[in-house]
There are 2 protein chains.
Amino acid sequence: MAPPPGRDEQRRGIERELKRGSLELIVLHLLTPGEAYGYEIVSKLTAETNGALEVTDGTLYPVLYRLERAGFVAVRWETPERGVPRKYYALTESGREELQRLTDEWTTFARAMARLLRSRD
Amino acid sequence: MAPPPGRDEQRRGIERELKRGSLELIVLHLLTPGEAYGYEIVSKLTAETNGALEVTDGTLYPVLYRLERAGFVAVRWETPERGVPRKYYALTESGREELQRLTDEWTTFARAMARLLRSRD
DNA sequence: CAAATTATCTTGTCACGCAAGATAGTATAC
DNA sequence: GTATACTATCTTGCGTGACAAGATAATTTG
């Protein structure tokens with residue numbers, strides 16, 4: 001028997017929607033200190049936000065691919081003598097600009113929301 | 001000839017994604033002062049946020065329907081002696097609870113984002 | 001009467017988060 | 001030596017939701 005849907009799934013569904021359009025910004029931001037590989041980003045994000053902005057690899061890899069395709073990140077494979085090969089991502093100049101743009105956009109949106117929710121109308 | 005895609009559409013696309021999961025919250029909040037009808041909500045929202053959180057009716061009506069279906073709003077038709085009939089929406093008790101829940105959820109998310117973006121890592 | 005305005009609803013499209021599964025190498029334990 | 005767990009990547013398919021576009025209808029204004 002499958003467990004009933006319940007509150008949790010609905011709640012998770014909302015978080016899911018809230019992340020929409022923010023993930024590219026999040027990933028670009030996480031690359032500002034320097035290059036990183038996918039698996040690393042997943043753990044970094046979970047750790048740094050105490051799980052509030054957690055993502056799975058099934059979510060992250062498509063994001064990274066979009067960013068690469070758009071020229072916002074540059075890719076470098078590294079095959080260590082022992083261990084699984086890693087794909088390192090680094091911000092490009094264009095990526096840095098995009099990061100700025102997305103940050104502004106997000107801030108504008110968040111401010112508008114905050115102002116609205118504060119209002120008694 | 002159709003105009004090329006261009007920056008504007010991408011940019012609009014991001015706003016679009018950012019609204020995801022926030023619209024129900026927005027609408028519920030706009031109903032706190034009292035009942036309102038769909039068309040009214042559209043203009044109200046555009047006016048109060050200077051277009052930052054603008055929605056079209058094609059977006060709003062499905063949201064209202066979802067809220068009605070979930071029991072978060074109660075519906076009342078009003079047919080004035082002259083003019084098009086209006087469908088008035090009002091918060092239910094359950095809707096008020098949902099509003100609180102969504103507000104908390106949004107705040108948590110926005111705080112996590114703000115904290116992350118502030119960090120230099 | 002034509003055009004604009006108020007008001008609602010429906011259909012179809014596209015993007016994206018993510019669960020689930022595939023693949024593969026390394027390390028630990030039994 | 002084989003099972004189990006961890007590191008690391010990628011792919012497929014599903015469901016959801018914003019919104020453009022179009023339909024409908026009554027009223028107002030030019």
Side-chain angles (χ1 to χ4, degrees), chain A residues 2-3 5 8-27 36-46 51 53-70 75-89 102 109, chain B residues 2-3 5 8-27 36-46 51 53-70 75-89 102 109:
Chain A
D8 283 358
E9 287 188 21
Q10 276 179 283
R11 198 180 285 249
R12 211 176 299 143
I14 288 165
E15 281 178 30
R16 190 184 184 131
E17 303 304 335
L18 286 179
K19 276 181 214 159
R20 275 220 172 202
S22 308
L23 274 189
E24 301 203 353
L25 166 55
I26 290 171
V27 172
Y37 57 97
Y39 198 86
E40 189 184 3
I41 296 176
V42 172
S43 9
K44 230 184 173 185
L45 187 55
T46 305
L53 299 177
E54 203 169 16
V55 278
T56 65
D57 60 330
T59 299
L60 182 68
Y61 288 119
V63 174
L64 288 170
Y65 180 67
R66 284 195 317 262
L67 293 175
E68 180 187 350
R69 212 144 180 259
V75 172
R76 175 176 75 82
W77 275 100
E78 179 160 320
T79 315
E81 299 202 1
R82 59 179 64 183
V84 186
R86 292 169 172 176
K87 203 171 171 183
Y88 280 89
Y89 297 85
L102 290 180
F109 177 78
Chain B
D8 283 357
E9 286 186 24
Q10 277 181 281
R11 197 182 285 250
R12 210 177 299 143
I14 288 163
E15 278 179 30
R16 191 185 185 127
E17 304 302 335
L18 285 179
K19 279 182 212 157
R20 279 223 170 198
S22 308
L23 273 190
E24 301 204 353
L25 166 55
I26 290 171
V27 172
Y37 57 97
Y39 198 84
E40 190 184 3
I41 295 176
V42 173
S43 7
K44 229 183 171 185
L45 188 54
T46 304
L53 300 177
E54 204 169 15
V55 277
T56 65
D57 60 330
T59 300
L60 182 67
Y61 288 118
V63 174
L64 288 170
Y65 180 68
R66 287 200 309 267
L67 293 175
E68 181 187 350
R69 211 142 182 261
V75 172
R76 175 177 76 82
W77 275 99
E78 179 160 320
T79 316
E81 300 201 1
R82 57 178 66 184
V84 186
R86 291 169 173 177
K87 201 171 172 183
Y88 280 90
Y89 297 85
L102 290 179
F109 177 78

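Each chain gets a letter, A, B and so on, in the order the sequences are listed, and its residues count up from 1.
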Over how many whole Å does the gap from [X] atom [atom1] to [N] atom [atom2] extend?
{"X": "B:R16", "N": "D:dC19", "atom1": "CZ", "atom2": "C1'", "answer": "5 Å"}
{"X": "B:E24", "N": "D:dT16", "atom1": "CD", "atom2": "P", "answer": "12 Å"}
{"X": "A:F109", "N": "D:dA18", "atom1": "CZ", "atom2": "P", "answer": "10 Å"}
{"X": "B:E54", "N": "D:dA18", "atom1": "CD", "atom2": "P", "answer": "15 Å"}
{"X": "A:E78", "N": "C:dG25", "atom1": "CD", "atom2": "C1'", "answer": "16 Å"}
{"X": "B:L53", "N": "D:dG17", "atom1": "CG", "atom2": "P", "answer": "18 Å"}
{"X": "A:E81", "N": "C:dT26", "atom1": "CD", "atom2": "P", "answer": "11 Å"}
{"X": "A:L18", "N": "C:dC18", "atom1": "CG", "atom2": "P", "answer": "11 Å"}

(message) Any carboxylate oxygen within less than 4.0 angstrom of a Lys/Arg side-chain nitrogen, looking at B:E78 and B:R76?
(response)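 Yes, charged N to carboxylate O under 4.0 Å.
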(request) To the nearest 0.5 Å, tell me how far A:Y89 OH sits from A:L60 CG. (result) 7.5 Å
(message) By the definition side-chain contact (heavy atoms from CB on, under 4.5 Å), identify the one residue from B:V55, B:V63, B:L102, B:L53 that meets it with B:I26.
(response)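 The side-chain contact (heavy atoms from CB on, under 4.5 Å) with B:I26 is passed solely by B:L53 among B:V55, B:V63, B:L102, B:L53.
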(request) State, with a plain yes or no, whether a side-chain heavy atom of A:K87 is found less than 4.5 Å away from one of A:Y37. (result) no
(request) May I ask you to check whether A:T46 and A:S43 show a side-chain donor-acceptor distance below 3.5 Å? (result) no
(message) Measuring to OP1 and OP2 of C:dC18, would you say a side-chain N or O of A:T59 lies under 4.0 angstrom away?
(response) yes
Please list, pair by pair, any protein nitrogen or oxygen found under 3.5 Å from a nitrogen or oxygen in nucleotides 7-10 of chain D.
unit_1: D:dT7; atom_1: OP2; unit_2: A:Y39; atom_2: OH; d: 3.3
unit_1: D:dA8; atom_1: OP1; unit_2: A:Y37; atom_2: OH; d: 3.3
unit_1: D:dA8; atom_1: OP1; unit_2: A:R86; atom_2: NE; d: 2.6
unit_1: D:dA8; atom_1: OP1; unit_2: A:R86; atom_2: NH2; d: 2.1
unit_1: D:dA8; atom_1: OP2; unit_2: A:Y37; atom_2: OH; d: 2.9
unit_1: D:dT9; atom_1: OP1; unit_2: A:K87; atom_2: N; d: 3.1
unit_1: D:dT9; atom_1: OP2; unit_2: A:Y39; atom_2: N; d: 2.5
unit_1: D:dT9; atom_1: OP2; unit_2: A:Y61; atom_2: OH; d: 2.7
unit_1: D:dT9; atom_1: O5'; unit_2: A:Y61; atom_2: OH; d: 3.1
unit_1: D:dT9; atom_1: O4; unit_2: A:D57; atom_2: OD2; d: 3.2
unit_1: D:dC10; atom_1: OP1; unit_2: A:K87; atom_2: NZ; d: 2.8
unit_1: D:dC10; atom_1: N4; unit_2: A:D57; atom_2: OD2; d: 3.0

(message) Counting distance alone, no hydrogens or angles: does the base of C:dG17 have a donor or acceptor under 3.5 Å from a partner atom on the side chain of A:R20?
(response)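 No such pair is found, so the answer is no.
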(message) Tell me the closest heavy-atom pair linking B:Y88 and B:E40, and the distance in Å.
(response) CE2-OE1, 4.5 Å
(request) Identify the two heavy atoms, one from B:Y61 and one from B:Y39, that lie closest to each other, and give their separation to 0.1 Å. (result) OH-N, 3.8 Å
(message) Checking contacts here: which listed nucleotide (D:dG15, C:dT26, D:dT28) is nearest the side-chain heavy atoms of B:R82?
(response)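 Given the options D:dG15, C:dT26, D:dT28, the side chain of B:R82 is closest to D:dT28.
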(request) Return the 5'-most residue of the pair A:T56, A:G83 with respect to DNA chain C, ranking by each residue's nearest nucleotide. (result) A:T56
